[in-house]
Amino acid sequence: DELVKKRIVIAGLYEKACNGCNWLIPQGITKGAKHTYWTYAMRIDNSKTNITWDKFREVYTSHSGNSFYGAWRLSYLESALEGMEFPEHSIKYERGLCPVAESIQPQLVQLKTNYENLDYAKEQASVLNKTIRELSS
């Protein structure tokens, strides 16, 4: 339970660091739900910026930011499944099957929230803010 509390605090640090940024959209939380923040997930809104995931990562790590997670490949596009056909359901596992998920997947940034040291987490939130400021200018 203490770990969950710490993750929530760290997510709050990231949220504060993102305050005012219109091109990063944090993961929504259902009203009344408790988010335990395995990561702090955000989407780079391509309708508001031309910043890519790779560029965001490059700038973030250049400011001593820890590496972070992207989103996993959509399961039906994994090499073991891609191209499979299910004629009884009129489905073929190929690009275009879920266009919204396919457009969002490469925009997702998932920052770590499992830091032992809260001061280090504060530094990472500061790195996020520096990254946003640099990419916004």
Side-chain angles (χ1 to χ4, degrees):
D1 197 33
E2 288 302 311
L3 178 58
V4 170
K5 288 178 185 176
K6 187 182 283 187
R7 286 180 173 178
I8 292 170
V9 168
I10 292 169
L13 296 172
Y14 289 138
E15 188 172 337
K16 186 176 178 183
C18 291
N19 192 27
C21 179
N22 72 339
W23 51 267
L24 278 177
I25 301 170
Q27 177 180 350
I29 304 167
T30 303
K31 188 175 181 174
K34 180 179 181 180
H35 195 318
T36 58
Y37 293 101
W38 178 78
T39 65
Y40 184 78
M42 308 173 290
R43 180 171 65 89
I44 300 170
D45 186 347
N46 286 343
S47 72
K48 296 182 179 168
T49 186
N50 61 356
I51 298 163
T52 64
W53 187 92
D54 289 323
K55 182 65 176 176
F56 184 89
R57 184 182 187 98
E58 175 189 318
V59 174
Y60 187 82
T61 57
S62 77
H63 290 296
S64 300
N66 271 352
S67 63
F68 52 81
Y69 306 107
W72 51 91
R73 178 177 278 176
L74 297 170
S75 58
Y76 65 88
L77 294 177
E78 290 285 353
S79 57
L81 300 176
E82 190 171 17
M84 291 181 81
E85 294 186 48
F86 302 89
E88 66 276 10
H89 299 292
S90 301
I91 294 175
K92 181 175 182 181
Y93 284 175
E94 62 186 349
R95 266 194 205 290
L97 182 61
C98 299
V100 174
E102 290 172 27
S103 70
I104 291 172
Q105 184 270 343
Q107 300 170 14
L108 295 179
V109 171
Q110 300 175 84
L111 300 175
K112 296 174 183 177
T113 57
N114 62 342
Y115 296 114
E116 294 281 329
N117 183 308
L118 200 52
D119 288 332
Y120 187 73
K122 289 176 183 176
E123 290 174 22
Q124 293 301 298
S126 177
V127 166
L128 175 59
N129 187 263
K130 287 177 192 173
T131 301
I132 291 167
R133 286 195 326 258
E134 180 175 328
L135 291 171
S136 294
S137 60

Handout entry: CG on L13 to NZ on K122, rounded to 0.5 Å
Key = 7.0 Å
Problem - pair K112-Y69: side-chain heavy atoms closer than 4.5 Å - result: yes
Practice task
Determine whether the aromatic ring centres of F56 and F68 lie less than 6.0 Å apart.
Solution key: yes
Fill in the blank from the handout: Rounded to the nearest 0.5 Å, the CG atom of L111 sits from the CD atom of Q124 at a distance of 8.5 Å
Handout entry: Over all atoms of both residues, closest heavy-atom pair of E102 and P106
Key = O-CD, 3.1 Å
Handout entry: Check: R7 and T36 side chains under 4.5 Å, non-hydrogen atoms
Key = no
Practice task
Step by step, work out the side-chain contact (heavy atoms from CB on, under 4.5 Å) result for W38 and Q110.
Solution key: CA-CA 9 Å; W38 178 78; Q110 300 175 84; 4.2 Å; yes
Fill in the blank from the handout: d(N46 CG, Q107 CD) to nearest 0.5 Å is 4.0 Å
Problem - Chi angles and distances behind the side-chain contact (heavy atoms from CB on, under 4.5 Å) call for Y60, L128 - result: CA-CA 7 Å; Y60 187 82; L128 175 59; 4.0 Å; yes
Exercise for the section: Indicate the atoms forming the closest heavy-atom contact of A125 with A17, along with that distance. Expected result: O-CB, 3.2 Å
Exercise for the section: For residues Y14 and T113, report the shortest heavy-atom separation together with the two atoms involved. Expected result: CE1-CG2, 4.2 Å
Completion exercise
Residues I10 and A121: closest non-hydrogen pair is CG1-CB, 3.7 Å
Practice task
Side-chain contact test, heavy atoms from C-beta onward, threshold under 4.5 Å: evaluate it for I29 versus Y37 and give yes or no.
Solution key: yes
Exercise for the section: Dump the intermediate steps for side-chain contact (heavy atoms from CB on, under 4.5 Å) on S126 and H63, then the final yes or no. Expected result: CA-CA 9 Å; S126 177; H63 290 296; over 6 Å; no
Practice task
Examine distances only and state if a side-chain atom of Q105 and a backbone atom of A71 form a donor-acceptor pair shorter than 3.5 Å.
Solution key: yes
Problem - Common cluster, I51/I25, ILVMFWY with side-chain heavy-atom separation under 4.5 Å - result: no
Practice task
Report yes if some heavy atom in the side chain of S136 is under 4.5 Å from a heavy atom in the side chain of W23; otherwise report no.
Solution key: yes
Exercise for the section: Taking the side chain as every heavy atom from C-beta outward, state whether E78 and W72 have any pair of such atoms under 4.5 Å apart. Expected result: no
Practice task
For P26 and Y40, work out which heavy atoms get closest and say how close.
Solution key: CB-OH, 3.4 Å
Handout entry: Main-chain N/O of E58 paired with T61 side-chain donor or acceptor, under 3.5 Å
Key = yes
Practice task
Could you tell me whether the side chain of L24 reaches within less than 4.5 Å of the side chain of D45, counting heavy atoms only?
Solution key: no
Exercise for the section: To the nearest 0.5 Å, tell me how far L108 CG sits from M42 CE. Expected result: 10.0 Å
Completion exercise
Separation between CD1 (I44) and CH2 (W53), nearest 0.5 Å, reads 8.5 Å
Problem - Exam field: side chain K6 to backbone L118, donor-acceptor pair closer than 3.5 Å - result: no
Problem - V59 backbone acceptor or donor facing S62 side chain under 3.5 Å - result: yes
Exercise for the section: May I ask you to test the I8-K34 pair for a side-chain heavy-atom distance under 4.5 Å? Expected result: yes
Practice task
Drop me the distance from L81's CG to L74's CG, to the nearest 0.5 angstrom.
Solution key: 11.5 Å
Handout entry: Side chain proximity check, N66 to Y120, heavy atoms < 4.5 angstrom
Key = yes
